[in-house]
Amino acid sequence: MAYRESQDHLTNTNYHSVGAEEYGGAGYGEPKKGLSKWVKIGVPVAVVIIIAAVVGGVVGSKSSSKSSTSSSASSNNSGSTGEPNGTELASVKTAIGLFATSTNAHSVPIYPSTTNAAAFTTPTFVAQAGSNAQLTWNTDTFQPATPAPTTVRPDRPRLIAPAYKWQQLAAFVASDPYMKAWNDTIMADVNQWEGMDPVPYVIDGGLSLSGVLDVARQVKQRIKAFAYAYRVTGQTMWADRAWKELLNASGTGTTSFGTAPDNWNTQHFLDVAEFTAAFAIGYDWLYDVWTDQQKTTIRTAIINLGLQYGIQVYANNAGYGWWKTVNGNWNCVCNGGLTMGALAILGDDTSGVAQQILGYTIDNAKANCAMGPSSDGTWSETPNYWYFGTTAHAEMASSLLTATGSSYGLMTANPEFADTGLFHMYVYGNQQMFDYGDHGPNKYSTTANAMMFHASQFNKPEYMLFQRDRIDSGEPWSMFWYDPSVTGAFWNNLALDHYFDDPLDVWASMRSSWTDVNGLYVAMKSGNHTGHQTHGDLDAGDFVIDALGVRWAGELGSGDYDAVGYFASEATDSQRWLYYRKRTEGQNCLVVAHGNQNVNAATPSNFGSSNTAQGSSTVFEDPSDSTAFFTTDLTATYNGVSIKRGIRMINGRKQVLLQDDITGSTQPIEWRMHTNATVAVNGASATLTLDGNTMQVQILNAPSGVVFGTAEAVRYSDDPALPTGMVDQPNPGVTVLTIELPAGTYNLQVLFNPQWPDMQASDYKTPTLVAIDQWSLTSHN
């Protein structure tokens, strides 16, 4: 089933997880209207269907600090390193099939509890040094001595998947279980879409709001798949179906599609870019089947509805080109689409527009798109916007590389792009993503498969191994960005914790295991509230907790993108900060006197880790002294109220301690945590139950009168009014666990005890009180 992930993840009864509505391929997704909850109910059945498509029915024997990953590409034989040679690798592939047996309700792979020394080796490309060449792609014979953006390879296709890769594809599909599964998924998608009408022109909110971006990305998703199906089967029915989609979206078909001459909607330039990319793929991948008239129709659309507006942006400073100076997904998507469109028609374009636009987009993307990752690899917008930025960046770089022989520094302009895959790995918990901030629009053609391109470009095989088991991996890009010679387990010698220390978005990720979906995951963020392209929240000190296969503390996600002032700015007086999901009270944070955090404040942070790394087995027991912690000084963001917050794993990563050191507050403070669990409070204790699991939460050494309470996930009655006519999305199924603190000084310790089935009451530890400033790796032993 096709991949679709929505802006509005939270649409049934819970806070965010990836749900059934996010992966629909059956028809056009209705515009997002922004209910809000962590989606959960109704998901498992849909996920089972998706698994069948992704796995293709293959089950078999599968495996279920600032720290660096184990990036290695050394040995090609089974010497002392234990890496398999080519023959052994082929045998292992056949024997084990896909490593993951399925995914959970939130798309996280499930690995069996097993040790497989032959398969779960150090991440490596075994063909990288020249031997075992039959296991990987041939070397591209197009190697210009002096590459130029306007000098393209002589053969087609030229975008992302040159002819030599298509010639090898059948053999890899037959021999590699992942490529077979992805191929099966793509063919299932096209068979589903073949009898449907072309994607209709449905405006989401307004042309200047979300526009027709969903339409553009769904058209792109289909064109990629139809073109792929034609090239692997030779059946012209798939080219005919692609033509039907392209003709409709060109605005020259029998059905109205936008308003000429701006059919692709420059008011929301992402739409223009994604349509242009879709048409570029259709033009290039199906070049040999198109008639001259069809080529003219497609090429004319690329020029008149796409590239000429890009020229207006760069040559005439058109107002809809504000994205030229944005270090985020907008710049990547817009430059990427324009670049792909130009590359596709070079040589056939007599207007000169294609050549002209390439004189602008590459340098602009290097200066802006490439700066999307911060100095620690964190995507500067949000974890979900990472998908849009990295996909477009990879599409652009890959297209330039295959079409012209170079990516012209796009991959190296920002060295931290090599680490943004690491960010994606650590921001995913044992249950789901630490999905702070906005989630973005429906993804459709956008996936995390840039991880595979990055793996090869940056010699990071662990990225490829991580992504290949993910539910969004089965689409055409993975068929050509994947290196079948990759071997090993991404988790082998991978540190459980990582500290991302750029002040813009400082945060930490901690877990008990990479392969146990029931394990413990804790993440907390701090950092600046500005610099996130108006996609962040007022959420310093925000945290999530996974344990027992459940997310106990979670995120509410996006507000209504069409709401008045939602994207106004990140300034203190922005209307964005009036909406519950963006306010401090809508996060798992402390709230001082019902107010928001200060937008313009630094939050110094600290981190410690025992540097525990998982081995090759999916079965991993943390040492008793294994730990990690993150602390942050929130005083400035609380306008001078002295508050320090820390979170740490204790007792061999089986329990979680959250502590707030508050000194001399003259205002009341509320501790808040959003949960889908059913909550029963009893003084200083709270019992959370969800999906048959239990989390005990306790206030340690609770001051007199300090107890747990509950509240609805709604704005305070004395909050500033919303803009006229606006309302917050409801959050049904979400309870806010609260603690009310009168003015004063506190060392508030909240202990989370997941009720692990193999632990007795006597196995749980009660930590001593240690001031946050004195926390160390041994302070709570």
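Among all heavy-atom pairs drawn from Thr300 and Thr296, the shortest one is OG1-O, 2.6 Å. The minimum heavy-atom distance linking Phe172 with Met179 is given by the pair CB-SD, 3.5 Å. Heavy atoms only, all atoms of each residue included: Arg222 and Arg241 are closest at NH1-NH2, 3.3 Å. Across all non-hydrogen atoms, the minimal contact from Leu346 to Ala354 is CD2-CB, 4.0 Å. Taking all atoms of both residues into account, the shortest heavy-atom contact from Ala100 to Pro109 is CB-CB, 3.7 Å.
Judged purely by atom type and a 3.5 angstrom limit, Asn248 has no side-chain atom pairing as donor or acceptor with the backbone of Gly253. In this structure a side-chain-to-backbone donor-acceptor pair under 3.5 Å is present from Trp290 to Gly282. No donor-acceptor pair under 3.5 Å is formed between the side chain of Asn430 and the backbone N or O of Asn518. Thr236 contributes no side-chain N or O that, together with a main-chain N or O of Ala239, makes up a donor-acceptor pair within less than 3.5 Å.
Atom CD1 of residue Ile223 and atom CZ of residue Phe279 lie 7.0 Å apart, to the nearest 0.5 angstrom. Note: Arg158 CZ to Thr402 OG1 = 10.0 Å, rounded to the nearest 0.5 Å. Once rounded to the nearest 0.5 Å, the distance linking CD of Glu245 with OG of Ser250 reads 11.0 Å. Remark: Gln218 CD to Ser445 OG distance equals 9.5 Å, nearest 0.5 Å. Summarising the geometry, atom CZ belonging to Phe120 is positioned 8.5 Å from atom OG1 belonging to Thr515; distances are rounded to the nearest 0.5 Å. One distance of note links CZ of Arg217 with OG1 of Thr391; it measures 8.5 Å at 0.5 Å rounding.
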### Message
Using side-chain hydrogen bond (donor to acceptor under 3.5 Å, both in side chains), reason through Asp483 and Thr136 one step at a time and then give a plain yes or no.
### Response
CA-CA 6 Å; Asp483 183 344; Thr136 192; 2.7 Å; yes
### Task
Would you please test Phe269 and Leu338 for side chain to side chain contact (heavy atoms under 4.5 Å, CB included) and show each step?
CA-CA 11 Å; Phe269 207 86; Leu338 293 171; 4.2 Å; yes
### Task
Apply the test side-chain hydrogen bond (donor to acceptor under 3.5 Å, both in side chains) to residues Asp472 and Gln467: give CA-CA distance (whole Å), side-chain angles for both, the deciding distance (0.1 Å), then the verdict.
CA-CA 8 Å; Asp472 60 338; Gln467 172 60 15; 3.0 Å; yes
### Message
Could you walk me through whether Val108 and Gln431 satisfy the side chain to side chain contact (heavy atoms under 4.5 Å, CB included) test, starting with their C-alpha distance in whole Å, then the side-chain angles of each, then the deciding distance to 0.1 Å, before giving a yes or no?
### Response
CA-CA 6 Å; Val108 175; Gln431 275 301 294; 5.7 Å; no
### Message
Is there a side chain to side chain contact (heavy atoms under 4.5 Å, CB included) between Met425 and Met451? Walk through the geometry before answering.
### Response
CA-CA 10 Å; Met425 292 170 69; Met451 292 278 281; 3.7 Å; yes
### Task
Could you check His268 against Asp271 for side chain to side chain contact (heavy atoms under 4.5 Å, CB included), going step by step and ending with a plain yes or no?
CA-CA 6 Å; His268 192 242; Asp271 311 1; 2.6 Å; yes
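Ring-centre distance between Tyr228 and Trp166: below the 6.0 Å cut-off. Ring pair Trp243/Phe226: centre-to-centre distance not below 6.0 Å. In summary, the aromatic rings of Phe453 and Trp481 are positioned with their centroids under 6.0 Å apart.
Of the residues listed (Asn442, Asp562, Leu213), the one engaging Asp204 in a side chain to side chain contact (heavy atoms under 4.5 Å, CB included) is Asp562, and it is the only one.
For the pair Lys443 and Tyr387, the cation sits on the ring face: its NZ or CZ lies under 6.0 Å from the ring centre, inside 45° of the axis. Under the 6.0 Å distance and 45° angle rule, Arg470 counts as a cation-pi partner of Phe466. Cation-pi geometry between Lys295 and Tyr287 is satisfied (NZ or CZ under 6.0 Å from the ring centre, within 45° of the ring normal).
No hydrogens or angles considered: nothing links the side chains of Trp264 and Thr276 as a donor-acceptor pair under 3.5 Å.
With a 4.5 Å cut-off on side-chain heavy atoms, Tyr561 and Leu209 do not count as touching.
Under 4.0 Å is where a charged nitrogen must lie from a carboxylate oxygen, and between Asp184 and Lys180 at least one such pair does. By the 4.0 Å N-to-carboxylate-O rule, Glu395 lies close enough to Lys220 to be salt-bridged with it. By the 4.0 Å N-to-carboxylate-O rule, Arg156 lies close enough to Asp348 to be salt-bridged with it.
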